[in-house]
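Naming convention: chains lettered A, B, ... in sequence-line order (proteins, then strands); numbering from 1 in each chain. Fair warning: this is a prediction, and the values are worked out from it, not measured in the lab.
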Amino acid sequence: PKNTDSFNYSRYHKLSEIYSFQDMLVAENPNLVSKIVIGQSYEARPLSVLKFSTGGTNRRAIWIDTGIHAREWITQASGIWFAKKIVKDYGSDPALTDILNNMDIFLETVTNPDGYDYTQNSNRMWRKTRKPNPGSSCVGVDPNRNWDSGFGEPGASSNPCSETYRGPSAHSESEVKAIVDFVVAHKNIKAFVTIHSYSQMLLYPFGYTSAPSKDEAELHSLAQKAITDLASLYGTRYTYGSIIDTIYQASGNTVDWTYEQGIKYSYTFELRDTGFHGFLLPAKQIVPTAEETWLALMAIMSHTFKNPY
Amino acid sequence: KELFKGHQVLQIIPKNDAQLAFLKDLEDVLEFELDFWKGVTAVSCPVHVRAPFQFLQLLKRILKRKDISYVPMIDDLQAVLDEEQKEIELFARSLK
């Protein structure tokens with residue numbers, strides 16, 4: 001494709017195509033979109049983040065990431081669609097325009113690029129990062145168990161061969177550390193949404209403990225609004241709640257850490273489906289999935305915008 | 001390139017606490033190379049597990065012995081992956 005209008009959003013794309021898409025989007029929208037590189041993956045790929053900003057200095061911000069688990073292809077594909085949606089709707093959708101006139105949005109579409117490339121070329125079922133583990137023949141760490149929040153507690157594995165291996169230490173994975181450093185340095189991120197698939201869920205902290213977060217009532221009510229908006233498009237039904245109550249105990253996960261950093265609106269999505277296709281969601285479902293998820297994202301972003309803290 | 005010929009994804013729904021506990025133990029057995037797409041959570045909640053061809057019959061025998069029912073969610077994973085790959089290649093060709 002020569003531009004982002006002719007990019008096919010209904011197909012899964014190789015990493016190089018996603019990188020090209022990002023560069024095209026930046027080139028086409030220089031006053032709205034820029035690309036920042038927050039670090040390097042283990043295999044030295046850039047960890048690129050699209051920044052959507054209409055100006056200002058260190059404005060309140062919203063973070064969205066997709067693809068931290070490599071094989072969850074619907075998430076990277078949705079991330080690309082969100083990026084285009086933001087530039088299309090800015091100036092025409094009043095709610096998004098309001099948000100972007102006051103806040104920045106950061107979008108990392110391929111959070112685990114080594115893993116994604118590996119799923120494209122070697123093993124479609126790969127989930128983790130690609131860093132070798134000394135003393136083990138098994139490779140990689142689950143980057144959603146590597147955060148410094150309940151790290152090492154039940155709900156993650158200490159075995160490098162497990163799909164939920166937590167890693168040797170918190171933030172040992174450069175893909176995780178890059179986000180940690182960025183969030184800590186930014187200091188003004190007010191919503192953090194990390195996107196997974198599949199199970200059709202919208203979850204909030206905590207995962208490592210059954211103790212409710214102090215904002216549980218508000219997070220619960222916002223989750224309900226978000227999934228109601230999501231369902232309004234195609235009737236896709238989501239469940240919602242805290243991670244530990246809704247799925248299972250998961251220690252060292254992303255949103256527990258972001259919440260404990262003071263980012264109140266910390267959510268993790270599980271996109272389509274519920275078990276017909278699993279990680280192999282047919283490409284024709286990419287756009288519908290992204291469209292309905294966008295409605296939920298808008299609910300979270302609008303609420304964050306209207307409820308400064 | 002890793003192939004998944006003969007791998008199946010099974011949907012298992014634990015009916016009681018004993019079955020749930022057994023499946024939880026199974027999750028920790030790395031020797032069977034089981035890949036839990038959807039982990040073990042609660043009674044009546046579906047578990048999805050990818051079983052490699054070499055352990056598939058063993059897994060099915062174990063589940064049967066424990067009176068745990070299952071249905072194949074994906075019959076032949078490689079067939080689905082081939083389809084996905086074909087679609088990607090067709091698209092790439094149409095671009096050219």
Please tabulate, one pair per line, the donor and acceptor atoms of chain A and chain B that lie under 3.5 Å from each other, or say none if there are none.
| from | atom 1 | to | atom 2 | distance (Å) |
| --- | --- | --- | --- | --- |
| B:E2 | N | A:S122 | O | 2.7 |
| B:E2 | OE1 | A:N123 | ND2 | 3.1 |
| B:D35 | OD1 | A:R71 | NH1 | 3.3 |
| B:D35 | OD1 | A:R71 | NH2 | 3.2 |
| B:D35 | OD2 | A:R71 | NH1 | 2.7 |
| B:K38 | NZ | A:T274 | O | 3.2 |
| B:H48 | ND1 | A:Y198 | OH | 2.7 |
| B:E84 | OE1 | A:R124 | NE | 2.7 |
| B:E84 | OE2 | A:R124 | NH2 | 3.3 |

Listed once per pair and sorted, the salt bridge (charged side-chain N to carboxylate O under 4.0 Å, His left out) pairs that draw on residues 53-67 of chain B, sequence neighbours left out: none

Those residues that, when tested against A:C138, pass disulfide (SG to SG under 2.5 Å) (two or more places apart): A:C161

Partners passing ring pair (Phe, Tyr, Trp, His ring centres under 6.0 Å) against A:F276 (at least two apart in sequence or in another chain): none

Greatest number of heavy atom pairs closer than 4.5 Å to chain A - which of B:L3, B:L81, B:L77, B:I74: B:L81

Residue B:V40 versus chain A: region with a heavy atom under 4.5 Å: backbone

